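Heads up: the structure comes next, in structure tokens.
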Amino acid sequence: MNKLQRTPERYTTEEYRKRLSKLRLKMEKQGLDMLILSDPSNMSWVSGYGGWSFYVHQCVVVGPTGDPIWFGRSQDAQGAYRTVWISRDNVIGYPDHYVQSTECHPMEFLCEKLTDMGWDKGTIGVEMDNYWFSARAYERLQHGLPNAKFQDATGFINWERAVKSDKELEYMRQAARIVERMHHRIADKVDVGVRKCDLVAEIYDAGLRYDEWYGHGGDYPAIVPLLPSGPDAAAPHLTWDDLPMKNNEGTFFEIAGCYQRYHVPLSRTIFLGKPPQEILDAEKAVIEGMEAGLEAARAGNTCHHIADAFFNSLEKRGIVKDNRCGYSIGLSYPPDWGERTMSLRRGDMTELEPGMTFHFMTGLWMESWGYETTESIAITDGDPEVFCDLPRKMLVKS
């Protein structure tokens, strides 16, 4: 372990080595000699690295032997020294003239290093469908490693992350306490005339401030608070403005608590004034559907079973939701707190296992309004663990 480490380790070195052993077995089965991981969540899960450096090219390389290699901008190597479990010798920084240059590319530097190590042949897995791996990066790797073959390894690590360890579940329970606090703050502060930007400031304060009772503070979530009101709530991913909140409008608040990069999203809806009957009917249908879905959220069932139970309940009331009702969650970096693996949708036959964690996203977005009440859950050997303890009923402030 390098002596410069300052950031507390999330896991022991033994845990990282267990992960590495599992990865190598999977690599062998799929005929991969090497993995180049660009997803910062996967980089973190394999190496421990955490830093806001994913706006430049970086990766973790899992080679045929030895510990992983961290590769990134030279100035970010200082962050790697302080967060990764691997030795300083396994941290490679590229010179700054490679950063956002039209003359040269960081992957050219990586190719030189891999060639020097004798890792320039065989089959290399890369995350082709990934926010952080560009077409130019792929082209430069192909050019610089002409004797290697490349294979799409999108999701290779993501699926390994699907079943959470006891430590990961502990982090998510801590994130749940944070998001509960955030929603309590919203309920206390929201009112007609309150500017949305000021309300968001309260949300961030509640999500980040150290709590003496729980003994921890929050991390930055991968997605900013989403809180559209009235007709704008028909759009699920609008953020905020600096205008006052209005009477006779509903607002859903989709936010997440985050601790050690582990996320627990939770949505609730608040109506200022008297809610129309269509929203009250939707609330009843969604809560009934959620209860049906939670009943199906058991080890041995599938993602399909949860979704089917939920959608069947909605359809009995004549409500159509034409998008999935959930997804796998856990360790994440911007721009998404999902793991990009399992979806709670009809037809996803992934078998549920204890330790899998999901955001049960039961939101409705109609032509002129929206409604969200959601839960984050963990699959167990019996009833699912619902991470948060917060009333599902819509809060009405008149």
Side-chain angles (χ1 to χ4, degrees), residues 7 10 37-56 58-60 72 76 79 83 127 129-133 154-155 157-162 164 168-183 186 200-201 203-209 216-228 236-240 252-268 324 326-344 356-361 363 372 374-378 387-388:
T7 305
R10 293 196 191 108
L37 305 171
S38 302
D39 185 326
S41 300
N42 294 336
M43 290 176 60
S44 177
W45 194 79
V46 170
S47 74
Y49 178 68
W52 193 289
S53 54
F54 40 81
Y55 66 96
V56 293
Q58 59 179 21
C59 62
V60 165
D76 292 316
T83 55
E127 297 173 306
D129 193 8
N130 195 286
Y131 304 131
W132 306 270
F133 185 65
T154 301
I157 304 291
N158 303 60
W159 281 98
E160 291 301 306
R161 292 163 38 205
K164 308 301 183 293
E168 290 174 301
L169 290 171
E170 178 187 327
Y171 289 153
M172 295 184 76
R173 293 182 189 112
Q174 289 169 320
R177 303 291 79 75
I178 291 172
V179 77
E180 288 171 352
R181 183 174 66 189
M182 294 162 76
H183 275 287
I186 293 167
V200 171
I203 292 170
Y204 272 114
D205 180 79
L208 301 179
R209 192 173 294 279
H216 63 264
D219 205 345
Y220 64 90
I223 302 177
V224 301
L226 306 174
L227 55 159
H237 297 128
L238 296 181
T239 55
W240 65 86
F252 67 74
F253 294 84
E254 184 176 346
I255 55 178
C258 185
Y259 184 72
Q260 295 284 355
R261 302 302 327 136
Y262 283 82
H263 291 70
V264 170
L266 190 73
S267 301
R268 291 293 185 266
R324 65 182 181 172
Y327 44 83
S328 181
I329 54 171
L331 169 66
S332 282
Y333 285 79
D336 178 25
W337 58 45
E339 289 184 321
R340 297 178 297 284
T341 52
M342 298 165 279
S343 288
L344 300 183
M356 288 181 172
T357 51
F358 296 91
H359 185 203
F360 192 7
M361 167 37 83
E372 287 188 16
T374 72
E375 296 287 0
S376 287
I377 63 172
F387 280 115
C388 296

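Keep in mind the model is a prediction, meaning the values are calculated, not measured.
Checked against side-chain hydrogen bond (donor to acceptor under 3.5 Å, both in side chains), Asp219 has the following partners two or more places apart in sequence or in another chain: Arg261. In this view, Ser343 and Arg324, Arg345, Asp348 satisfy the side-chain contact (heavy atoms from CB on, under 4.5 Å) rule, not counting sequence neighbours. Evaluation of the side-chain hydrogen bond (donor to acceptor under 3.5 Å, both in side chains) rule for Thr357 yields Lys164 as partners, not counting sequence neighbours.
Taking every heavy atom of both residues into account, Leu226 and Pro236 meet most closely at CD1-O, 3.8 Å. What you find for Tyr262 and Ala175 is that their closest heavy atoms are O-CB, 3.5 Å. Counting all heavy atoms, side chain and backbone alike, Ser41 lies closest to Ser332 at OG-CA, 3.2 Å. Heavy atoms only, all atoms of each residue included: Val200 and Pro225 are closest at CG1-CG, 4.2 Å. Counting all heavy atoms, side chain and backbone alike, Val264 lies closest to Met172 at CG2-O, 3.1 Å. Smallest separation of non-hydrogen atoms from Pro228 and Leu238: CD-O, 3.7 Å.
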After noting the C-alpha distance and the side-chain angles of Arg177 and Tyr259, does the key distance pass the side chain to side chain contact (heavy atoms under 4.5 Å, CB included) rule? CA-CA 10 Å; Arg177 303 291 79 75; Tyr259 184 72; over 6 Å; no
Quick one: do Phe387 and Ser376 satisfy side chain to side chain contact (heavy atoms under 4.5 Å, CB included)? Show the steps, please. CA-CA 6 Å; Phe387 280 115; Ser376 287; 4.0 Å; yes
Test side chain to side chain contact (heavy atoms under 4.5 Å, CB included) applied to Ile186 and Ile203, step by step: CA-CA 7 Å; Ile186 293 167; Ile203 292 170; 3.6 Å; yes
Please step through side chain to side chain contact (heavy atoms under 4.5 Å, CB included) for the pair Leu331 and Glu168, ending with a clear verdict. CA-CA 9 Å; Leu331 169 66; Glu168 290 174 301; 5.5 Å; no
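Annotation: side chain of Tyr49 is not in contact with side chain of Ser44 (no heavy-atom distance under 4.5 Å). Counting heavy atoms from C-beta outward, Glu160 and Trp45 have side chains that approach closer than 4.5 Å. With a 4.5 Å cut-off on side-chain heavy atoms, Glu372 and Met361 count as touching. By the 4.5 Å heavy-atom criterion applied to side chains, Met342 and Trp159 are counted as neighbours. In this structure the side chain of Leu266 never reaches within 4.5 angstrom of the side chain of Ile255, judged on heavy atoms. A heavy-atom distance below 4.5 Å is found between the side chains of Leu344 and Phe360. The shortest side-chain heavy-atom distance between Val60 and Asn42 does not fall under the 4.5 Å cut-off.
No close placement of the His183 and Phe253 rings is indicated, their centers lying 6.0 Å or farther apart. Taking the ring centroids of Trp52 and Tyr220, they lie under the 6.0 Å cut-off.
At a threshold of 4.0 Å, the pair Asp39-Arg340 counts as salt-bridged, since one of the basic side-chain nitrogens sits closer than that to a carboxylate oxygen.
The distance from the CZ atom of Phe54 to the OH atom of Tyr131 is 12.5 Å, given to the nearest 0.5 Å. Separation of atoms CD1 (Ile377) and CE (Met356) is listed at 11.5 Å; rounding is to 0.5 Å. In this structure, the separation between CZ on Arg268 and CD on Glu254 is 12.0 Å, given to the nearest 0.5 Å. In this structure, Cys258 SG and His263 NE2 are separated by 3.5 Å, a value rounded to the nearest 0.5 Å. Between the CH2 atom of Trp337 and the CD1 atom of Ile329 there is a distance of 9.5 Å, given to the nearest 0.5 Å. Leu169 CG to Gln174 CD: the interatomic distance, rounded to the nearest 0.5 Å, is 11.5 Å.
Counting only N and O atoms by type, the side chains of Glu339 and Tyr327 include no donor and acceptor under 3.5 Å apart. Inspection of the Ser53 and Gln58 side chains reveals an N or O donor paired with an N or O acceptor under 3.5 Å.
With hydrogens and angles disregarded, a donor-acceptor distance shorter than 3.5 Å links the side chain of Thr154 to the backbone of Asp129.
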